[in-house]
Amino acid sequence: MGRVLPLSFFNRSALTVARSLLGKYLVRRRNGAVAAAVITEVEAYVGPQDKACHAHRGRTARNAVMFGPAGHWYVYFVYGMHWMLNIVTGPQDYPAAVLIRGVGHWNGPGKLTKALGIDGCLNGKMTHRKSGLWIEDPGCLVPQNAMQRTPRIGVAYAEDWALKPYRFVLRKV
DNA sequence: ACGATGATGAAC
DNA sequence: TTCATCATCGTA
């Protein structure tokens, strides 16, 4: 297996972290079994000024984790049935995160959390082996031409922020 | 195109 | 305490 990404990896801008996460391995351990899948699709939610970011209207009980240190999981429930998996980025007190939308052959943020057994229990936990969910660097490079940027999905309400190209997709080269 | 399904946040 | 909304998905 690869190197476990340290917290410093996440203490950068959400856009930089998002880009850098493509091609890394999301690793899940539960009941002693370990599963790993390549991260293929992510979105950056860049801060309080971002109208699509949950922190845009300030701190609440739900988004509190985004205001904490980088490298912690922000997991929330939406549409009455799906868990969304995010990783907090940037400095303490600056609310930003990256949504992990696709890994391996599971495309869609709700499907991947269901497949890997991820729910609110992981909210606020750190990304390291002990939490049962972490990210590893396999060491191979992702060619630039395999990365695609598009607007984010499902944020049409965000006005001028809806069209910003903050979604990164890894496509087969 | 639409309904499932329930937490969230803002208004009252 | 209501009520519209929601970083989605399966079925049609």
Side-chain angles (χ1 to χ4, degrees), chain A residues 5 9-26 28 35 37-91 93-127 131 133-135 147-171:
Chain A
L5 292 183
F9 177 93
F10 304 98
N11 195 19
R12 300 179 289 168
S13 79
L15 284 169
T16 298
V17 173
R19 223 179 357 246
S20 307
L21 277 178
L22 290 184
K24 301 293 189 290
Y25 274 82
L26 180 67
R28 175 72 166 134
V38 189
I39 296 173
T40 56
E41 181 184 355
V42 294
E43 284 177 0
Y45 291 84
V46 304
Q49 75 281 12
D50 178 356
K51 289 179 188 153
C53 182
H54 284 171
H56 178 238
R57 296 211 229 297
R59 183 183 182 133
T60 67
R62 178 177 66 167
N63 67 25
V65 174
M66 292 182 83
F67 289 78
H72 289 241
W73 298 113
Y74 170 43
V75 184
Y76 68 91
F77 194 61
V78 78
Y79 292 122
M81 53 186 85
H82 300 296
W83 292 101
M84 300 289 107
L85 176 66
N86 303 253
I87 184 79
V88 176
T89 66
D93 296 321
Y94 186 84
V98 172
L99 169 66
I100 300 181
R101 283 190 61 89
V103 298
H105 59 277
W106 297 301
N107 285 326
K111 286 200 279 190
L112 81 87
T113 52
K114 177 157 193 185
L116 293 173
I118 291 163
D119 63 20
C121 294
L122 278 157
N123 189 42
K125 299 274 178 62
M126 250 183 13
T127 69
S131 70
L133 185 65
W134 67 93
I135 299 174
M147 284 193 198
Q148 190 179 356
R149 284 184 77 159
T150 81
R152 294 170 292 186
I153 307 294
V155 295
Y157 59 87
E159 301 169 28
D160 47 323
W161 289 80
L163 291 180
K164 291 188 183 289
Y166 289 174
R167 172 172 174 256
F168 299 84
V169 184
L170 187 61
R171 49 178 180 181

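Chain identifiers are assigned alphabetically (A, B, ...) following the order of the sequence lines, protein sequences preceding nucleic acid strands; residue numbering begins at 1 within each chain.
Counting non-hydrogen atoms under 4.0 angstrom, A/Met84 reaches the backbone sugars and phosphates but no base. Contacts of A/Arg62 with the nucleic acid, taken as non-hydrogen atoms under 4.0 Å apart, involve only primed sugar atoms and P, OP1 or OP2.
Using a 5.5 Å limit on the distance between ring centres and a 30° limit on the angle between planes, the aromatic ring of A/Tyr79 does not count as stacked on the six-membered base ring of B/dG6.
Checking B/dA7, C/dA7, C/dT8 against the side-chain heavy atoms of A/Ile153 singles out C/dT8 as nearest. With distances taken from any side-chain atom of A/Phe77 to the nucleotides B/dG6, B/dG9, C/dC9, the minimum falls on B/dG6.
Using a 4.0 Å cut-off between a side-chain N of Lys or Arg and a carboxylate O of Asp or Glu, A/Arg152 and A/Glu43 do not qualify as a salt bridge.
Aromatic ring orientation, A/His54 versus A/Tyr76: perpendicular (interplanar angle above 60°, classes split at 30° and 60°).
Going from atom NZ of A/Lys111 over to atom P of C/dC9 covers 6 Å, rounded to whole Å. Between the P atom of C/dA7 and the CZ atom of A/Arg57 lies a distance of 10 Å, rounded to the nearest Å. The distance between atom NE2 of A/His54 and atom C1' of B/dT8, rounded to the nearest whole Å, is 9 Å. Across the protein-nucleic acid pair, A/Lys51 atom NZ and C/dT5 atom P stand 18 Å apart, rounded to whole Å.
Between A/Arg101 and C/dA7, a side-chain N or O to OP1/OP2 separation shorter than 4.0 Å is absent.
For the P atoms, the distance linking B/dT5 with C/dT2 amounts to 23 Å, nearest Å.
A 3.5 Å limit on both hydrogen-bonding distances identifies no Watson-Crick or G-U partner for C/dA7. With a 3.5 Å ceiling on both atom-pair distances, B/dT5 lacks any Watson-Crick or G-U wobble partner.
Residue A/Leu22 forms a side chain to side chain contact (heavy atoms under 4.5 Å, CB included) with just one option from A/Val38, A/Thr40, A/Val42, and that option is A/Val42. Each of A/His82, A/Arg101, A/Glu41 was checked for a side chain to side chain contact (heavy atoms under 4.5 Å, CB included) with A/Pro109, and the lone residue meeting it is A/Arg101.
In terms of polar N and O atoms assigned as donor or acceptor, the side chain of A/His82 never comes within less than 3.5 Å of the base of C/dA7 in a complementary pairing.
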